[in-house]
Structure formats: structure tokens, C-alpha cells
Peer 1: 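Just dropping this structure here.
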Amino acid sequence: MPVTELLERNARLYPDEVSLVELNPDEKDNRRMTWKEYELIEPSRYAQARREITWKQFDDKANRFANTLLEKGVKKGDKIAILMYNCLEWLPIYFGILKTGAIAVPLNFRYDADEILYCVELADVSILVFGPEFIGRIETHADRLCQESMLIYVGDNCPRFAENYKELVADSSSSSPGIPLSDEDFGAIYFSSGTTGFPKAILHKHQSLSQAAEMEMIHHSITREDTFLCIPPLYHTGAKFHWMGSLCAGSKAVLLKGTKPKTILEAMSSEHCTVAWLLVPWAQDILDAIDSGEVNLGDYQLSQWRLMHIGAQPVPPSLIKRWMDVFPHHDYDTNYGLSESTGPGCVHLGVGNLHKVGAIGVPGYRWECKIVDENGNTVQQGEVGELCVKGPGVMTCYYNNEEATAETIRDGWLFTGDMARQDEDGFYFLVDRKKDVIVSGGENIYPVQIEDFLRKFDKIKDAAVIGLPDHRLGEKTAAIIEIKDGMECTREEIDKFCLGLARYKRPKEIIFDEIPRNATGKIEKPVLRKRYGADLLVEKENMS
């Protein structure tokens, strides 16, 4: 069934129970605030308050936005983008889009102005919903965006080039729009990207969304008694579809703005959270804060916390050993996935398999896996090849990109681009990434984008970007830079030039050296990785 029916079911069965809480740790007045209260106060204040909504309020808000969109002429199959930080508005807007039969298009809030425009045009977006943090980026291409799309602004002080969300939905009906949906209807476009830089648009049917919700509930035994702490951004398939386990179970979730150890532990304690999905850096920071004495676990109520799981990047087994020493009563799981497979879970370690930490796990609920050689033939158990997955969460296609679709989906199998092996017990281990994407703190960083940017500097002859081992982030970006003959250049000059990049893309290491290229002109990144120790990444523990 489409996930919209799960929301309507929860609103019918549990109308007065809390569905979502938004926590802002910097707010001094941390009293509970209902959705009705928030509507009566100034937006500048509610943006910082602790807020909550019930399942009935959640569904009503989704219906109001859906009916607003229908009044604007939205029809089945239209694409509507969301560019917002996590907040209580995010998910009702997402579900409002789905309820019209339109396709929800979440955008990465790290995108710069050019990337936003690129994604809007690639996905044929007709409406873009955005928050106050993005006014400057939207304004950069406002004239062109307004030609392509209607702009809806969620927040205070609406810019001249957009329509005000609050005013638009004020008089709309809270009744269901009644648009018939099936699992075969298209539901969402998520963005991914290879080493070529700009993203590809990944089209999913409602079947994929429903599969992800049911799978998460089953994998982690989510019940109505659980409370899920959601920290990563909701545009990310990982955050969204882990949360959908709560949707499927009809249980509360907490949207936390903040990643400091004390912030996370205070949220777990005050909201009585039972399940948390963490990225590797956050888990490491919590352990380091405990070891240093910065955090005293006795200050928090954590006895209800039953499960910690990690995804989005390879997990060092040493980290999990440390975690279990501190939290011996916790269950643990890790999840492997990609946006093309509706996020995490097509492969998962499985609660109770601590003896296999280092593996990504076994096929998830209703998934199949195999490892193939370069000709697409299944390899022998124990041999290394490309990991392929098959199941009801595989994307339909890369929207507007038939060639890339044909390369990635063959006979129903999704070729992940990750190299792996399977042990004698059937557990899969990642060996290497087939592509050059750097995973730093759970975010994908694409070397070609940075290399192209660096080559614009007039002193740089050539540049190559690779990932180097980092204790906290897993990998950090390193730029190997070849200076033009007869010129001199300092690290400070490079750092200053890189201020033109988004912060997370800026190289953490600068190395001055010659760039090796093969006979066809391609950078020999394996040579660079070996030269600078990138083949000794902490994640190699996963390969043992």
C-alpha cells in the first residue's frame, strides 16, 4: 500500500498521540508546544521552540498542502521539490505532495545555487518549496527558476519572488483530496551522483517507499512503544526511510537539530528515545566525550535506549567494540544501501550478529544479492566482484538518462558499483568502491567537482583529489596539486582559493606533487592512494 495510507491509518487509529517532535537544543524555553500554539506566535520564535504534532495534525497539514497544490493545478506525475532543513513542516509537505499523486523531489541542502538549478531542470520540477536558509541561493537564479517553477516559501519575511506557504494553506481543506494511488504510481525522485559531479535523478515508485517502511519496521522490530531519534537530514534516503519504520509502526519520532554528544544524549534522555541511527563521527564523538569526562552518563536517563545502528559509510569494528564496552545492553545493526535501492537496508548486518561486525551483512527483507565479475557472471563464494542487489526497492530508472539506467539496471539487478566478497556464512563484506566517491562523515564528496574547481586557479597545472584515512570522518579529502613550472604557491593560497567551495568540499589536506596519468590521460588514482596511504583506510577492518 502507498505510504500515504499508513499516515491516514495512524491519524484514524491514534489521532491524539504525538507523531513528531522537533527539538532545537539552543532554545532556552524548551517547553512543549503544540502545532496550534505555534501557529499563533511569531515565526521568528517558533523556529527556535520545541514543537510537536499528533498524527491527526500531521495528516491534516498534509491534506491542506495537497489541496493547495491541487488548487494550483498540480496533477499526477508533476514534480515538486523540497529544499528545507529538518523541521515539523518537512514531512507534512512531503506527504502533501504524495497525496496529490505528484512526485516529491527532496534536494540536498548543501547544494549551491548552480546545483539547485541543475536539479530543478533535470527533474522537470514545476514547484519548488524552500526555507529561509536558501533565499540567497534561490535568488541567484530566481528569474530562471520562476520561469521553470512556482516558488513557495516556508518561513517569515517571504521574498518578493515567492509565494507564502502559510498564507496558501490557511484556507485549504484538511480533508483528504481522495486522489487514488497504487504501488505502481511514481512517488519520489532522489538525487545521486557519480564521479562526474552533478547528480542523477533517481525515480522510485510508491512500491519502493512502502517496501522501505515495512523493511525498517521488521529489521529493527519497531513497535508503537518505540521512539526514534532522527538526526540526519530528511532529504537523505537514510534518514527518511529509517523514520518510515516509525510511520509503519505508528510510533513517535524526534527530529533533532544538533549533533554534539551532550545534545544527542539529552534528547535520548528527555524524549525517552529507544532507537537512534548515528553516523560514525557522531558515535565516535560520544565515546570520546565519555572518555574525556566531558560527558557523565549518570546525568541522563538512558535505560530505555535499546538499539543503536549505523549506516551511510563503512563502520570500523574497533568503534563498535568500544561502543559495546560502554553500552553493553544495546543491540547493534549496520545498514548498507544506496539511493537507487531506496536507501539503507537492502543489505544489513542484523541485530544479534555482533560476531560479524565488519561485514555489511546479509540480504535485507525481500532482497536478493549476488557478486559478479566484469562480464556479469556470478563469482565463486569468497571471490571479489561487484555487488548487485534485486528487490522491490530498486529504482525505476535514472530520470531522463536512459544510458545510465541501462548500465546500472540489468535484468532487474541493480549494479551498485561497490566491490565485495561473501564469506562462508553468507555475510557480505565491502572490499572497495568501484568509483572514486569519497565518503566523509556520511556525505558523498565527488572528486571531479573539486578537481575542476582547483584547476581554475592560475598557479595550478593539474590536480587530483582522493580520500585519506580519518579517525573521525572515515575519510577526508586530500588534494594533490601540481604547480605550473616556474611558479611558487603556498598552502595558504590554496586554502584561500578554496573558500569558493562549499565547506564540506574543501580539501582537508594539500599535497604538492606531480599528478600521474596513464597513456589515455586518466589520473592514476590507485598510484596516488598507494603513495599516500589511502589504501590503509580505517575501513579496511571491514575487509578482514
Side-chain angles (χ1 to χ4, degrees), residues 211 215-216 218-221 238 280 283 307-325 328 330-338 340-394 408-435 437 439 469 474-475 526 529 534-544:
Q211 155 69 18
M215 178 176 65
E216 173 63 19
I218 289 172
H219 280 180
H220 296 137
S221 303
V280 167
L307 171 66
M308 188 277 283
H309 56 113
I310 287 181
Q313 65 187 110
V315 184
S318 58
L319 171 65
I320 304 309
K321 182 180 184 303
R322 284 179 67 200
W323 189 272
M324 299 310 297
D325 287 342
H330 281 188
D331 284 329
Y332 170 73
D333 193 12
T334 190
N335 303 271
Y336 167 88
L338 51 165
E340 289 87 342
S341 67
T342 334
C346 60
V347 185
H348 80 124
L349 184 66
V351 172
N353 287 318
L354 276 173
H355 65 293
K356 288 291 186 178
V357 167
I360 56 172
V362 295
Y365 174 68
R366 300 176 70 194
W367 284 93
E368 303 173 56
C369 301
K370 67 178 181 179
I371 297 176
V372 301
D373 61 22
E374 58 186 10
N375 297 315
N377 300 314
T378 302
V379 303
Q380 295 293 317
Q381 192 172 57
E383 293 183 1
V384 174
E386 183 174 358
L387 176 64
C388 303
V389 298
K390 185 178 185 179
V394 170
T408 305
I409 301 178
R410 307 172 210 170
D411 297 325
W413 287 93
L414 174 65
F415 283 63
T416 68
D418 285 324
M419 307 303 286
R421 65 177 176 83
Q422 185 185 35
D423 73 4
E424 65 278 4
D425 298 318
F427 284 77
Y428 290 86
F429 290 74
L430 287 185
V431 175
D432 197 3
R433 283 179 295 281
K434 191 174 182 179
K435 300 176 182 179
V437 177
V439 182
E475 290 180 275
R529 293 189 184 102
D535 57 338
L536 302 177
L537 286 169
V538 173
E539 291 98 294
K540 80 173 184 177
E541 297 177 78
N542 288 351
M543 308 172 197
S544 60

Peer 1: Sequence neighbours left out, what pairs pass ring-ring contact (aromatic ring centres under 6.0 Å, His included) with at least one residue falling in residues 343-364?
Peer 2: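 The answer is His219-His348.
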Peer 1: What closest approach, in Å, do Met308 and Ile320 show between heavy atoms, and which atom pair accounts for it?
Peer 2: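 That would be CE-CD1, 4.5 Å.
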Peer 1: Identify, with sequence neighbours excluded, every residue that meets side-chain hydrogen bond (donor to acceptor under 3.5 Å, both in side chains) alongside Trp323.
Peer 2: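 Trp323: side-chain hydrogen bond (donor to acceptor under 3.5 Å, both in side chains) contacts with His330.
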Peer 1: Test: salt bridge (Lys or Arg N to Asp or Glu O under 4.0 Å). Region: residues 351-363. Which pairs qualify, not counting sequence neighbours?
Peer 2: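 The answer is Lys356-Asp423, Lys356-Asp425.
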Peer 1: Using the side-chain contact (heavy atoms from CB on, under 4.5 Å) rule, take Ile310 and Val280 through it: C-alpha gap first, then chi angles, then the decisive distance, then the call.
Peer 2: CA-CA 7 Å; Ile310 287 181; Val280 167; 3.9 Å; yes
Peer 1: Got a second to check how far Met324's CE is from Arg322's CZ, nearest 0.5 Å?
Peer 2: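 Rounded to the nearest 0.5 Å, the CE-CZ separation comes to 14.0 Å.
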Peer 1: Whether the side chain of Thr342 engages the backbone of Gly393 through a donor-acceptor N/O pair (distance < 3.5 Å, no angle test) should be reported.
Peer 2: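 Side chain of Thr342 to backbone of Gly393: a pair is present.
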Peer 1: Name each donor-acceptor pair under 3.5 Å that joins a side chain in residues 357-370 to protein atoms two or more places apart or in another chain, with its distance.
Peer 2:
residue : atom : partner : partner atom : Å
Tyr365  : OH   : Glu214  : OE2          : 3.0
Arg366  : NH1  : Gln211  : OE1          : 3.4

Peer 1: Measure across Asp333 and His220 and return the closest heavy-atom pair with its distance rounded to 0.1 Å.
Peer 2: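 Looking at all heavy atoms of both residues, the closest pair is OD2-NE2, 2.8 Å.
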Peer 1: What verdict does the side-chain contact (heavy atoms from CB on, under 4.5 Å) test give for Tyr428 and Leu430, after you've listed the backbone C-alpha separation in whole Å, the side-chain angles of each residue and the deciding distance to 0.1 Å?
Peer 2: CA-CA 7 Å; Tyr428 290 86; Leu430 287 185; over 6 Å; no
Peer 1: Identify, with sequence neighbours excluded, every residue that meets salt bridge (charged side-chain N to carboxylate O under 4.0 Å, His left out) alongside Asp373.
Peer 2: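 By the salt bridge (charged side-chain N to carboxylate O under 4.0 Å, His left out) rule, Asp373 matches no residue at all.
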Peer 1: Listed by chain and number, what are the salt bridge (charged side-chain N to carboxylate O under 4.0 Å, His left out) partners of Asp325, not counting sequence neighbours?
Peer 2: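 If we apply the salt bridge (charged side-chain N to carboxylate O under 4.0 Å, His left out) test to Asp325, skipping adjacent residues, the hits are Lys321.
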Peer 1: Answer yes or no: is there a donor N or O on one side and an acceptor on the other, between the side chain of Glu386 and the main chain of Val372, under 3.5 Å?
Peer 2: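 Not confirmed, Glu386 side chain does not pair with Val372 backbone.
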Peer 1: Going through the checks in order, is the side-chain contact (heavy atoms from CB on, under 4.5 Å) test met by Trp413 and Val394?
Peer 2: CA-CA 8 Å; Trp413 287 93; Val394 170; over 6 Å; no
Peer 1: What are the two closest heavy atoms between Asn335 and Pro344, and how far apart are they?
Peer 2: CB-CB, 3.7 Å
Peer 1: Are the side chains of Ile371 and Glu383 in touch, meaning some heavy atoms are under 4.5 Å apart?
Peer 2: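 Ile371 vs Glu383: side chains apart.
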Peer 1: Can you list the steps and then say if Leu414 with Ile409 is a side-chain contact (heavy atoms from CB on, under 4.5 Å)?
Peer 2: CA-CA 5 Å; Leu414 174 65; Ile409 301 178; 4.3 Å; yes
Peer 1: Considering non-hydrogen atoms only, spot the tightest contact between Ala420 and Leu387 and give its length.
Peer 2: CB-CB, 4.1 Å
